[in-house]
Structures are given as C-alpha cells and as structure tokens.
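What follows is one structure encoded as structure tokens, with my remarks underneath.
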Amino acid sequence: STICIIHARFYVWVHWCHSLSRRLAVYVTSTQYMLDSWKIAAFYHFTDLPDRDEWAERMVDHGLKVGLRGTLIFAPEGVNSTCAGSHEAIDATIALLKSDPRFEAMDVKYSYADFNPFPKFKVKKKPEIVTFRQKGADPRDDVGTYLEPEEWNELISDPDVITIDTRNDYEVEVGQFKGAINPKTDDFTEFAKFVDEHLASQKDKKIAMYCTGGIRCERSTAYLKQKGFENVYHLKGGILRYMELMPKEKSLWEGDCFVFDYRVAVDHDLQPAKWKIDPETSNPKRMSEDEIEKIAERRRSGAIFKKPYTV
C-alpha cells in the first residue's frame, strides 16, 4: 500500500508539473505576442500579372479595412512589399494574396516589433517591382542558382569565389558578409554599371550575390546571366532568411541588416537594432547610449513619425 501511495503522489506531481509547464508556455507566448504587437511581412514574387491594376485596387480596399501599414508594389511582373499590422491583419493579407495560384509559392519572411515601423499605407503601380531599368534582366526567363544558408556558407568560404553585395553603400555600412565586395552604389539602378565596368573580365569565375530579402539578387543574377556569366549564385530569401535560419555561432554575417522602415536595422535575431537615421546626412548611424531608450519610447508612441530621429 505504501508503494501505491508513492506512485499516486508521483503521478499527481508529474501531472501538476505538466499543467504548470503548459500554463507557463501559454503565458510566455501571450506575453511575447503583446510585446511584439506589430507583425512585419517582407515578400516578393515574380509572376505574369496583366491584372496589376485590379490587384492594386483590391489591396487598397483590403489594407484600409484591416489597418495595414507599409508599401505594396504591383507591376506586370509581380508584387513586392514590406508591410506591417496586427498578427491577424498580416495573416489575412498573405492569405488573400496566396488565394491567387500565381502567388501560392511566394516566400514570406516575418519579423516583429513593439512599435509600428511605417507611418503610412501605400499601394503603388509600377513597371517593375524593383527598379533596375535594364531590358532582359528578367528572373522569369533566367536566374542564378539559389543557395540555402548552409550552401551559401560553404560557397563564400571558397577564396576563389567573388562575393558581391548588391545593396547600396549606406546599407553595407550597417553590416555585410565576410569578404564581400561593396560596389559603392547609391541606388540599385547603378549596379549594372558596376557589373559592366568591374566584372566583365570575370565571366569564368563563380559569382555569389546577396541582398536584404532576395529580390535584388534575383534581378542582378538575371542580368549577369544575360551578359554571359555561367556560374552565378544567390542567397535564397536574402539576409533576412539567412538570419532566421542560420544559428549565430555558424553565421558568416557581420553587423546588423539595414531595412527600409523606422526600425532602420535588425539584428541577427530579427529584432530592431540600435541604429537611427542621422537627420543631417539621412544615412544610418549608431545610437548613443543615452538615445536608445528615448528613441524606443518615441517609436512606441508614434512621435518618431512627426520629427524623425531627434531626441
């Protein structure tokens, strides 16, 4: 009987521990949900979209209804966006887009913040979803080889591989992959000139390219393929997906990643990093220690939109 009592007490203790762990898990999840009240989605997809205007109008109505912030760009070649909203708003937005079979395979990268990173909601109709202005550089026709993060690490660790950052100079200053070449461009439309002037004699080399979310690498690898480069590779999903999937102890990324919203940059955990926009130069600049909490509060209150990055 003593053994039975011990077994019964042990069973009660195990059941209590299991119940407590479930309650704690729910508490931690709900607390994190409240802290990260803004869900941010970054996505793009190249596809034939002759009904660009109809999709743009549909997303205006949807965005206003669910309270979206950020920008959606529609073009005859697809969609490109970084937008933010409640968890429900973002989920509904992605579900609406993916209800169209043309967007069903679209990859979406998520991150979170305790403040709204966008001042407005915009839907734009453009000729390209990322402006490049080079005819024939169409990822729907030909594109470089996609690499997963582990494959990317292996490739760029080869000293014979030329690794190129396709982003702008001010983005590279915030962070980059080890050994990557900075083309020193101020705008992505300048990248074609860099290729023509500095890479034309390197067509026999392996070229690895990356960008924030993947769209600029797709466009740039398509351009290199058009120019006769054969061994062209790019990081699937860009830096954001790499940070999401690659453990920090194995990461070859150095620094933070610039983003085009009021977070300014995110760290390896995809959390807002300690960067601001310098009001004098309009370039990213590290926050001083006494600015960190002041700017965080101005972001949470929305005051940052009225008078950006002044304390």
Side-chain angles (χ1 to χ4, degrees), residues 27-44 62-64 66-73 80-95 97 107-122 167 170-171 174-175 211-215 237-246 248 251 253 255-279 282-311:
Y27 173 75
V28 170
T29 301
S30 61
T31 301
Q32 189 64 29
Y33 184 95
M34 287 186 289
L35 288 174
D36 296 335
S37 57
W38 289 85
K39 186 173 184 177
I40 303 151
F43 56 89
Y44 71 91
H62 168 80
L64 293 174
V66 301
L68 273 189
R69 298 290 182 91
T71 302
L72 288 99
I73 299 171
N80 180 21
S81 175
T82 302
C83 56
S86 68
H87 291 235
E88 296 80 6
I90 292 298
D91 292 346
T93 301
I94 300 305
L97 282 161
D107 182 48
V108 185
K109 294 164 285 292
Y110 296 106
S111 53
Y112 303 87
D114 64 351
F115 65 94
N116 166 28
F118 296 101
K120 298 177 181 179
F121 170 58
K122 302 175 183 176
R167 301 173 304 152
Y170 57 86
E171 298 176 73
V174 176
C211 60
T212 308
I215 189 169
I239 302 161
L240 296 178
R241 186 169 179 269
Y242 180 91
M243 287 178 160
E244 179 185 354
L245 299 178
M246 179 59 63
K248 278 188 273 191
S251 178
W253 178 259
D256 299 314
C257 178
F258 181 88
V259 290
F260 290 93
D261 58 60
Y262 275 73
R263 291 173 296 171
V264 182
V266 294
D267 60 22
H268 210 293
D269 296 318
L270 298 177
Q271 291 296 309
K274 297 177 177 64
W275 290 83
K276 66 175 186 176
I277 295 297
D278 187 328
S282 297
N283 288 328
K285 181 180 180 181
R286 286 192 181 275
M287 297 181 196
S288 62
E289 287 299 317
D290 63 337
E291 287 179 317
I292 293 172
E293 186 51 44
K294 293 176 182 177
I295 289 177
E297 179 54 38
R298 295 188 73 245
R299 284 170 165 174
R300 289 191 290 267
S301 70
I304 201 80
F305 298 137
K306 299 175 183 176
K307 200 174 182 182
Y309 296 102
T310 55
V311 178

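Here the structure is a predicted model, which means the values were calculated and not measured.
- Salt-bridge check for Glu293 with Arg300: passed, with a basic side-chain N closer than 4.0 Å to an acidic carboxylate O.
- Taking 4.0 Å as the cut-off between side-chain N and carboxylate O, Lys109 and Glu244 do not count as a salt-bridged pair.
- Residues Thr93 and His62 form a side-chain contact, since some pair of their non-hydrogen atoms from C-beta on lies under 4.5 Å apart.
- Of all heavy-atom pairs between Asp261 and Pro117, the closest is CB-O, 3.4 Å.
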- request: Verify salt bridge (charged side-chain N to carboxylate O under 4.0 Å, His left out) between Asp269 and Lys248, making sure each step is shown before the conclusion.
  value: CA-CA 9 Å; Asp269 296 318; Lys248 278 188 273 191; 3.0 Å; yes
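- For the pair Asp256 and Arg286, the minimum side-chain heavy-atom distance is below 4.5 Å.
- Annotation: ring-ring contact (aromatic ring centres under 6.0 Å, His included) contacts of Phe258 (sequence neighbours excluded): Tyr170, Phe260.
- Looking at heavy atoms from C-beta onward, Arg69 lies in side-chain contact with Trp38 at the 4.5 angstrom threshold.
- Of all heavy-atom pairs between Arg299 and Pro272, the closest is NH1-CB, 4.3 Å.
- Partners of Lys120 according to the side-chain contact (heavy atoms from CB on, under 4.5 Å) rule, which considers only residues two or more places apart in sequence or in another chain, are Lys122.
- You'll find the side chain of Leu68 reaches within 4.5 Å of the side chain of Ile90, heavy atoms only.
- Remark: Phe305 engages Tyr262 in a ring-ring contact (aromatic ring centres under 6.0 Å, His included) (not counting sequence neighbours).
- Side-chain contact between Leu240 and Thr212: present, with at least one pair of heavy atoms (C-beta onward) separated by less than 4.5 Å.
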